[in-house]
*Asks:* 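Here you go, one structure.
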Amino acid sequence: MSGLLVLLAQGTIFFVAMAAIFRSRKTIGIGVFFCVLGAMHFLETYLAAVFFIELPFGLISPGSTVMFAGKLAFFLLLYMKEDAESMRQPVYGLLGGNVLMVILALILRLHTPAAEMPGFNPDLRFLDQMGVLMVWGTALLFVDLIAMVLLFERLSQGKGLAVPLKIFISLAVVLSCDQAFFYAGLRVISGVPISAFYGGWIAKVGAAAFFTLMLSLYLRFARDVGLPARPHGMGDVFDRLTYRRRYEQLVEMVGKDTLTGLDDRGRFDTAGPQALLAAARAGQAVSLMMIDIDQFKAVNDRYGHPVGDQIIREVAAAIAGVTRSEGMLFRYGGDEFALMTRLSPTDAAPVGERVRAAVAAADYDAVDRPVTVSIGLAGFPADAADFASLLMRADAALYEAKARGRNQVALAADDAV
């Protein structure tokens, strides 16, 4: 088989296999895609260093032309379909693993000589060379990805450039620069001839055209998430290439109710039992108030759900305004809230009354009717010995407050106050 056919067969098989895995990432997990990329990293570097096909325009390495260029193309696809944060994860993993490999290989030199084995003897010099090349190649890959993303985003800010053209320019430019720097490393370590430089450069530009065609077909026919709706600025790209933004987003989002900004039901279910356990150890009391907006269904039916959502936000703000130092406030669900305080039911009752009064006194411009809440209050350990029982007693007290006319506080162990 001729050299060009070998490269074409490798490129086709590589792309089809990787595209199938990438397309299934929502089902099998994106980690599978990352592992496949990582598993081929050693072979890619090895072939790029020692295996060349001679063509009329120079020496071509399948490892560099097919596997590395294809990997770069899939990183660009990963960026377009996911984000830069997902794209950087395997790069950090590869770089860390390569550095660790070099360190472990150096430690092996402390024990010399190695035991003789028939037919197989360790070649630590080869391992050193491969380790250095893999670290160098992965460091270049990291720089390549930043440059590719910035170039792709800059091209996206212009008008009139089709997506395939933006892909090709991004790949061709980055692969050309990578060829110069990776060849420099090869030249120093293994002394490859200059024909491997210009032959590899021509082949990589051809690989950029091939993988652009394949990516365009994938984007055209694969049923998947589309391209980003708008280009991002240069600073925004660098921001997303750091851990800070994702960490801050996760901290802000996990356990928060999106409508009110309060802690959500999940945090309530976790924090509630923990609060009771801590109180039991310290010999303290805990009170739970279940707070429900009176006749909220009528608000939704008359004014619509957007107004209903606004009322929920305003009620949440009114409650939070008078309970910031009193305990933990949660949105339990729908139009219901939960407030936990480290007070006995007797001491917590005035807090409940302040909540009721604050909600009733607040301005609700979107509706022309009063907005009030009913509150059920129960205490630990006075009314219940565990969290489930405490929630049940507070909920029963809430229904008692509603049965007595709404807009009031009812204690589990007493009459409405």
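These figures come from a predicted structure and were not determined experimentally. As a basis for the values below, the full set of heavy atoms in this structure was taken, side chains included, without hydrogen atoms, waters or symmetry mates.
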*Asks:* Between K297 and D301, is a salt bridge (Lys or Arg N to Asp or Glu O under 4.0 Å) present by the stated rule, with each step listed?
*Replies:* CA-CA 6 Å; K297 185 178 182 301; D301 291 344; 2.8 Å; yes

*Asks:* In this structure, are over 12 heavy atoms from other groups packed under 6.0 Å from Y303 atom OH?
*Replies:* yes

*Asks:* Quick one: does any side-chain atom of D264 pair with a main-chain N or O of R267 as donor and acceptor, under 3.5 Å?
*Replies:* yes

*Asks:* Could you tell me if the side chain of F337 sits less than 4.5 Å from the side chain of M290, heavy atoms only?
*Replies:*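 Counting from C-beta outward, M290 and F337 never come under 4.5 Å.
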
*Asks:* Without swapping roles, check the side chain of T45 against the backbone of M134 for a donor-acceptor pair under 3.5 Å.
*Replies:* no

*Asks:* I'd like to know if the side chain of T341 reaches the main chain of G327, judged simply by a donor and an acceptor atom lying under 3.5 Å from each other, with no hydrogens or angles considered.
*Replies:*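 Not a single qualifying donor-acceptor pair exists.
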
*Asks:* More than 12 heavy atoms of other residues, nucleotides or ligands under 6.0 Å from CE of M328: yes or no?
*Replies:* yes

*Asks:* Let me confirm one number: the CG-CZ distance from L78 to F74, rounded to the nearest 0.5 Å.
*Replies:* 10.5 Å

*Asks:* Closest approach of S374 and A401, non-hydrogen atoms and distance?
*Replies:*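 Here S374 and A401 meet closest at CB-CB, 4.1 Å.
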
*Asks:* Salt bridge between D368 and R302, side-chain N to carboxylate O under 4.0 Å?
*Replies:* yes

*Asks:* Would you name the heavy atoms of G63 and E44 that are closest together and state the gap between them?
*Replies:* O-CG, 3.4 Å

*Asks:* Do V299 and R369 have side chains that get closer than 4.5 Å, going by heavy atoms?
*Replies:*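 Of all side-chain heavy-atom pairs linking R369 with V299, at least one is under 4.5 Å.
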
*Asks:* Can D294 and N407 be said to form a side-chain contact (heavy atoms from CB on, under 4.5 Å), step by step?
*Replies:* CA-CA 7 Å; D294 293 326; N407 190 26; 4.0 Å; yes

*Asks:* Decide yes or no on ring pair (Phe, Tyr, Trp, His ring centres under 6.0 Å) for F210 and F15, but give the supporting numbers first.
*Replies:* CA-CA 10 Å; F210 172 80; F15 186 88; 7.4 Å; no

*Asks:* Roughly how far, to the nearest 0.5 Å, is the CG atom of L94 from the NE2 atom of H41?
*Replies:* 5.0 Å

*Asks:* Contact between M340 and S287 at the side-chain level, heavy atoms closer than 4.5 Å - yes or no?
*Replies:* no

*Asks:* For the CG atom of D292 and the CZ atom of R406, what is their distance to the nearest 0.5 Å?
*Replies:*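 These two atoms lie 9.5 Å from each other.
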
*Asks:* Ignoring hydrogens and angles, tell me if any N or O in the side chain of S344 forms a donor-acceptor pair with the backbone of D347 under 3.5 Å.
*Replies:* yes

*Asks:* Atom CG in L155, atom CG in L165: separation rounded to 0.5 Å?
*Replies:* 7.5 Å

*Asks:* Using atom types as modelled and distance alone, determine if a side-chain donor or acceptor of S64 lies under 3.5 Å from a backbone N or O of I60.
*Replies:* no

*Asks:* How far apart are the closest heavy atoms of G334 and R331, and which atoms are they?
*Replies:* O-NH2, 2.8 Å

*Asks:* So does A385 get a backbone contact from the side chain of S389, meaning a donor-acceptor N/O pair under 3.5 Å?
*Replies:*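 Checking the backbone N and O of A385 against the side chain of S389, no donor-acceptor pair under 3.5 Å is found.
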
*Asks:* Answer yes or no on whether R265 is positioned over the face of Y332, meaning its NZ or CZ is under 6.0 Å from the six-membered ring centre and within 45° of the axis.
*Replies:* yes

*Asks:* Between Q408 (side chain only) and R404 (backbone N and O only), is there a donor and an acceptor less than 3.5 Å apart?
*Replies:*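 The answer is yes, because a donor-acceptor pair under 3.5 Å joins these two groups.
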
*Asks:* Taking all atoms of both residues into account, what is the closest heavy-atom pair of A180 and F197, and its distance?
*Replies:* CA-CE1, 3.7 Å

*Asks:* What verdict does the side-chain contact (heavy atoms from CB on, under 4.5 Å) test give for W136 and I189, after you've listed the backbone C-alpha separation in whole Å, the side-chain angles of each residue and the deciding distance to 0.1 Å?
*Replies:* CA-CA 11 Å; W136 176 239; I189 293 175; over 6 Å; no

*Asks:* Going through the distances and angles, do L219 and M80 end up as a side-chain contact (heavy atoms from CB on, under 4.5 Å)?
*Replies:* CA-CA 10 Å; L219 293 170; M80 291 190 291; 4.0 Å; yes

*Asks:* What residue among I167, V174, I169, L171 forms side chain to side chain contact (heavy atoms under 4.5 Å, CB included) with F152?
*Replies:* I167

*Asks:* To check you understand the geometry: which heavy-atom pair defines the closest contact between A279 and V286, and what is its length?
*Replies:* CB-CG2, 3.4 Å

*Asks:* Kindly indicate whether the side chain of M18, heavy atoms from C-beta on, has any atom under 4.5 Å from the side chain of M40.
*Replies:*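 They are in contact (side-chain heavy atoms under 4.5 Å apart), so the answer is yes.
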
*Asks:* Return the CG to CE distance between L339 and M289, rounded to the nearest 0.5 Å.
*Replies:* 5.0 Å

*Asks:* More than 12 foreign heavy atoms under 6.0 Å from CZ of F181: is that the case here?
*Replies:* no

*Asks:* Taking everything shown except R354 itself, do over 12 heavy atoms lie less than 6.0 Å from its CZ?
*Replies:* yes

*Asks:* Looking at K256 and D263, does any basic side-chain N land under 4.0 Å from a carboxylate oxygen?
*Replies:*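 Judged by the 4.0 Å cut-off on N to carboxylate O distance, K256 and D263 do form a salt bridge.
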
*Asks:* For A388, does its backbone N or O pair with a side-chain atom of D386 as donor and acceptor, under 3.5 Å?
*Replies:*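 Yes, because the side chain of D386 sits within donor-acceptor range (under 3.5 Å) of the backbone of A388.
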
*Asks:* Please confirm whether the backbone N or O of C177 pairs with a side-chain atom of W201, one donor and one acceptor, at under 3.5 Å?
*Replies:*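 Checking the backbone N and O of C177 against the side chain of W201, no donor-acceptor pair under 3.5 Å is found.
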
*Asks:* Taking the six-membered ring for Trp, are F268 and F387 closer than 6.0 Å centroid to centroid?
*Replies:* yes

*Asks:* Go through it in stages, so that I can follow the logic: the residues are F22 and F34, the test is ring pair (Phe, Tyr, Trp, His ring centres under 6.0 Å), and I'd like the CA-CA distance, side-chain angles, deciding distance and then a yes or no.
*Replies:* CA-CA 9 Å; F22 182 81; F34 291 163; 9.3 Å; no

*Asks:* Pair L145, Y79 - check side-chain contact (heavy atoms from CB on, under 4.5 Å), show working.
*Replies:* CA-CA 10 Å; L145 294 183; Y79 172 73; over 6 Å; no

*Asks:* We want to know whether K204 and S176 form a side-chain donor-acceptor pair, criterion being a heavy-atom distance below 3.5 angstrom.
*Replies:* no

*Asks:* Is there a donor-acceptor contact under 3.5 Å from the side chain of D257 to the main chain of L262?
*Replies:* no

*Asks:* Would you compute the distance between atom CZ of R25 and atom OG1 of T27 and round it to the nearest 0.5 angstrom?
*Replies:* 10.0 Å

*Asks:* Taking all heavy atoms of R393 and all of A384, pick out the closest pair and write down the distance.
*Replies:*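 Closest heavy-atom pair between R393 and A384: CG-CB, 4.5 Å.
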
